[in-house]
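A quick write-up on the structure given underneath.
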4 protein chains.
Amino acid sequence: MLYFNCDYMEGAHPEILKRLQETNLEQTVGYGEDPYCESAKKKIRKACGFPEAAVFFLIGGTQTNAAVIKSMLRPYEGVIAAESGHINVHEAGAIETGGHKVLALPASLGKLEAGTLCRYLEGFFRDPSASHMVQPGMVYISHPTEYGTLYAPEELKALRAVCTRYGLPLYLDGARLGYGLAAGEGVLTLPQIAECCDAFYIGGTKVGALFGEAVVFPRTAPKGFFTLMKQQGAVLAKGRLLGLQFDTLFTDGLYLRISAHAIEMAMRLKEILTGAGCPLWLGSPTNQQFVILDSGKRAALAGKVGYEVWEEREDGSAVARFAASWATKEEDLLALQEALSSVRGS
Amino acid sequence: MLYFNCDYMEGAHPEILKRLQETNLEQTVGYGEDPYCESAKKKIRKACGFPEAAVFFLIGGTQTNAAVIKSMLRPYEGVIAAESGHINVHEAGAIETGGHKVLALPASLGKLEAGTLCRYLEGFFRDPSASHMVQPGMVYISHPTEYGTLYAPEELKALRAVCTRYGLPLYLDGARLGYGLAAGEGVLTLPQIAECCDAFYIGGTKVGALFGEAVVFPRTAPKGFFTLMKQQGAVLAKGRLLGLQFDTLFTDGLYLRISAHAIEMAMRLKEILTGAGCPLWLGSPTNQQFVILDSGKRAALAGKVGYEVWEEREDGSAVARFAASWATKEEDLLALQEALSSVRGS
Amino acid sequence: MLYFNCDYMEGAHPEILKRLQETNLEQTVGYGEDPYCESAKKKIRKACGFPEAAVFFLIGGTQTNAAVIKSMLRPYEGVIAAESGHINVHEAGAIETGGHKVLALPASLGKLEAGTLCRYLEGFFRDPSASHMVQPGMVYISHPTEYGTLYAPEELKALRAVCTRYGLPLYLDGARLGYGLAAGEGVLTLPQIAECCDAFYIGGTKVGALFGEAVVFPRTAPKGFFTLMKQQGAVLAKGRLLGLQFDTLFTDGLYLRISAHAIEMAMRLKEILTGAGCPLWLGSPTNQQFVILDSGKRAALAGKVGYEVWEEREDGSAVARFAASWATKEEDLLALQEALSSVRGS
Amino acid sequence: MLYFNCDYMEGAHPEILKRLQETNLEQTVGYGEDPYCESAKKKIRKACGFPEAAVFFLIGGTQTNAAVIKSMLRPYEGVIAAESGHINVHEAGAIETGGHKVLALPASLGKLEAGTLCRYLEGFFRDPSASHMVQPGMVYISHPTEYGTLYAPEELKALRAVCTRYGLPLYLDGARLGYGLAAGEGVLTLPQIAECCDAFYIGGTKVGALFGEAVVFPRTAPKGFFTLMKQQGAVLAKGRLLGLQFDTLFTDGLYLRISAHAIEMAMRLKEILTGAGCPLWLGSPTNQQFVILDSGKRAALAGKVGYEVWEEREDGSAVARFAASWATKEEDLLALQEALSSVRGS
């Protein structure tokens, strides 16, 4: 059985396992004070073009979002997000358990548009009952979004401009950031993201690491962020495991290289799927491809190829997500092609 | 200047002040253990037709909603509400500061429909990622709604049926409950509400009291509810002030009588407004009337008659809320009529 | 039956009821934006000697403490308090439900000493694991304390000095503040308190009001404090009820006058109790008197005079609290004396 | 340089790394639904003697404590713990950020005694103001404690009996559980712990794993515990990493074997330290040894041997913690002995 369900089905890039092995019996102090974390932070700061950036390593995306957002809001403030944003849907209320409302706005293929944000804020501050409402305190976006779409550089700048006008910090969830950075020409670069955002994280879990996310505050970190992480249960005792992984990913461009491989595989995947008569549900330049599978194709793939059902439809067809990753192999694609070749579209 | 802005601009019904005066120097124990609270509880239980109901007195609506909802949810659960529900809009995140997400569903003139609820729940439990999402833990409705509309008895029963099917408690926010109970023939009665709901509150603040809301759990109160109230800062030291007010309101039908007066005034208000050429924005059988005021009428009322601007429009007109209450006097209506008579509609 | 159990057994000072009556049918806007609140704020600012102070009115002590403390701490910070502090014992976890630890330090008759505070802070910041611990974020004291004791002016200044050294705001819970201000010569004055504290509240509930507490931030209010109050369910719809009460209390020195009466009564109470052979458990210059009642005296008072049992002892005696208040009458004292006169001490 | 500072300075037992390597490119579903987790759960259930136990894998101790405690308390309840308990001191307020007070009781060398617990509970429920206080909702203990001490089987049974009498669940924090299980004859066994506790966790991070803790609910898991974990940011995307580690540790008794090695090393450590004239500060049968180092010995070890300073003393001596672990080697002990041999005790 072959799985395209998501981008976290394998372990880690072999280079990471190798370094874990090599350093396994070394002794280092805990909680991220070790030399591997230090080295990784330096490399990340350099890649972002912000040599003074504060960098922290956390274990997973939900705890990262919860800690960063909690650190940036006052108790009566909420975080603005696209309705489809991960924090609004699939984090089991991690933001609310921290006391904050997610102020969900309509999105367009997962993207929060500057115009939408601006109209909401204008309306909010004109409302005579505004002081009885959760105050907008920051803006959350994901890049790539949950639909595999990307903010163009000018779109991010436009969001930044609105944020600046209203004094709101901008935070970018980069759970799949590599797959955005490697998605072809003209896409947002790390320095551009660092320039526009007050905080963002570089996802490791879905991009080659066993686990781990690197939060970057390009200018200043919120006061007491380490203690807040600890309070949220987001500090790893053997912090070096995170440092080592990010140090490896940011050595010799590994993070971008494996991301570029995933994109290449994803584009082939798209070709294979559309070539086999599966209409695109939406066009994504990143590692996630959404297509419509009719019942014949679903039957053909059953028991051979796994994918994520995004939406069941009444006629037996489904919106399906196929994800490539750093670990996807050409032979997997050929096997998929083979499995699909046995059917004619309905 | 005359105000129709809302239903909490005056103090209390004179009978309440009289009893506060009469009992002022009596000594009673604090925190709601006094005989006035006991007497009020008995009368409320009787009015609801649930002689074993648990009744608690709190000070205001926001703290009541926060305490009741917190008492009924587990940490990973959220409360389903109409998008326009008070807890979702105008309580400054009181539910979220307690750790819970408001699961907002589309509403129809402020009302959550059983069909909408049912479709949402079906979809939720069919979703393969449901365990990563905030679990629906209870249902909140307001009656009258924020738009002055009412659930018909069969509509409430339909909601109850869906709740029962999914094992969800149903909670009714009755901030303006009196104005619903007195809104004509065939409207929901207290015993019907008690029959259908696991918890509800009878609003005092907007219906003749200085302040105060009476929470009713017709069958069983959540364990430790008093301590939870205390934790939420919702226990009044001189609890008898609440008992006395509700005892007065539930003596000789005062609560219903003053509500009926408000409805009578509201119907006259509607006549006067529509008679003067102000189109209804929505038809409400309760004490709140929503009309469209054109710029000429707004000018005519300026400095003479206050109302709540619900929505400013580009052409200078506005959606306006006029509220009648237990305290509205006939002469006020005549003065409004007079003020409006000086203009011709645009 | 006569009660000395506490200082919130009666309603309000008659002058307050009178003004409620007079203004009952006036219309004012809600939520504290009315002229009565404005007038009361001006008088309080003047009494404190801080004409620019921010003043807010809340309903009760627990919600006041919860809102003020939440507004002054970051998420990973705690509030330092005496072990016996009200927030640490009798508020049902209101601070913790807001996410903050109460960092309880040993106290001396309810008072937190500057030396104790200083040693704790020195130790904390010297601890190599400090970043894994709740950070001290502010200091809470009560004045009068829960034992009726008072901080001398130099004691408050010493606490202030430690706070300043460590950058911690100082907050004073004045639930019974009047009874401290009126407790004889040389006690702390309102301007001295305002000078030393970043925030404090002037208690109304226990000092002549039906309910209500006035929070004073002598220099600057925390951003968004009104919305935070709303979120905590601590905004009264008919805010003028609070304004009116404090306006009355701060007109012609009523607050101090009724407090002085309570102190006079308390001193008489102390004389009567000790004169009847009840040893003082601790000496308090304020309205609460703690004595030891032997079983004979308890029997003599049973069914005639109420008091609060602070501690049951094995020999049948008890530590008892007798509280005088603005409402205590001379004849009550005589009745107590009479009841005690019938026994001989054991 | 050689470090005895703690038991989490190395990576993982080599067998674990080997299995991570072997399975690295396998594809499995995420979030703990994979066969490795299933296998590990079975082995743990068997080792505990509760074949129906619910087992969950989390990443670290703080998040484990926070999730378990939150799942077992109602909002107005607190968790009873020894004053020195990890949740009360070194988890940065993780319990309070979840809304709950830690009800800290005096401890004896880190242990909460049944008598202390019983007296507290008796006093609490006798207190007439109990309903205004945080309600005791569960009991937390650590085993081994933060001081390396152990509950004897009869001590745990006595605690259990008190818990049962008061209807309180008992939860055991086993961050270093292996070192307790292997600490000689007559110590508590896993089945005894499972018998006495409603929940406990088997620590991996400090006992041979890279990271990870296994929570066991011997009888029933709290409803919705997975979603609660997710909300707390405590679900690992590649859940199999946890399953694999615990599967390895619970295969062929590895967990106990490596723990026994640590105990052997710790006993040799104690001999070496006391033999060199360092008085024991407290006697521990587990992997942590606390001794007093005089200034001469501290100078001798400086730059050669690391340890944790528990307490600085005025005479230049210190209470020092030396920890052995699964990774401690004989040659390390010899090197320590050598370093100490160069000094004479002062």
Pick one of side chain, backbone, both or neither for [X], based on which atoms fall under 4.5 Å of a heavy atom in chain D.
| X | answer |
| --- | --- |
| A:Y3 | both |
| A:Q27 | both |
| A:L236 | side chain |
| A:A209 | backbone |
| A:E96 | neither |
| A:N24 | both |
| A:F226 | neither |
| A:L210 | both |
| A:K70 | side chain |

Rounding to 0.5 Å, atoms CG (A:N5) and CZ (A:R321) come to a distance of 8.0 Å
If you measure from CZ on A:F4 to SG on A:C6, what distance do you get to the nearest 0.5 Å? 12.0 Å
Residue, of A:L25, A:L228, A:T227, that accumulates the most heavy atom pairs under 4.5 Å with chain D: A:L25
Hey, would you say the A:Y31 and D:Y8 ring centroids sit under 6.0 Å apart? yes
Looking only at the aromatic ring of each residue, does the gap between the centers of A:F211 and D:F211 stay below 6.0 angstrom? yes
Give a yes or no on this: more than 12 heavy atoms of other residues, nucleotides or ligands lie within 6.0 Å of atom CD of A:E338. no
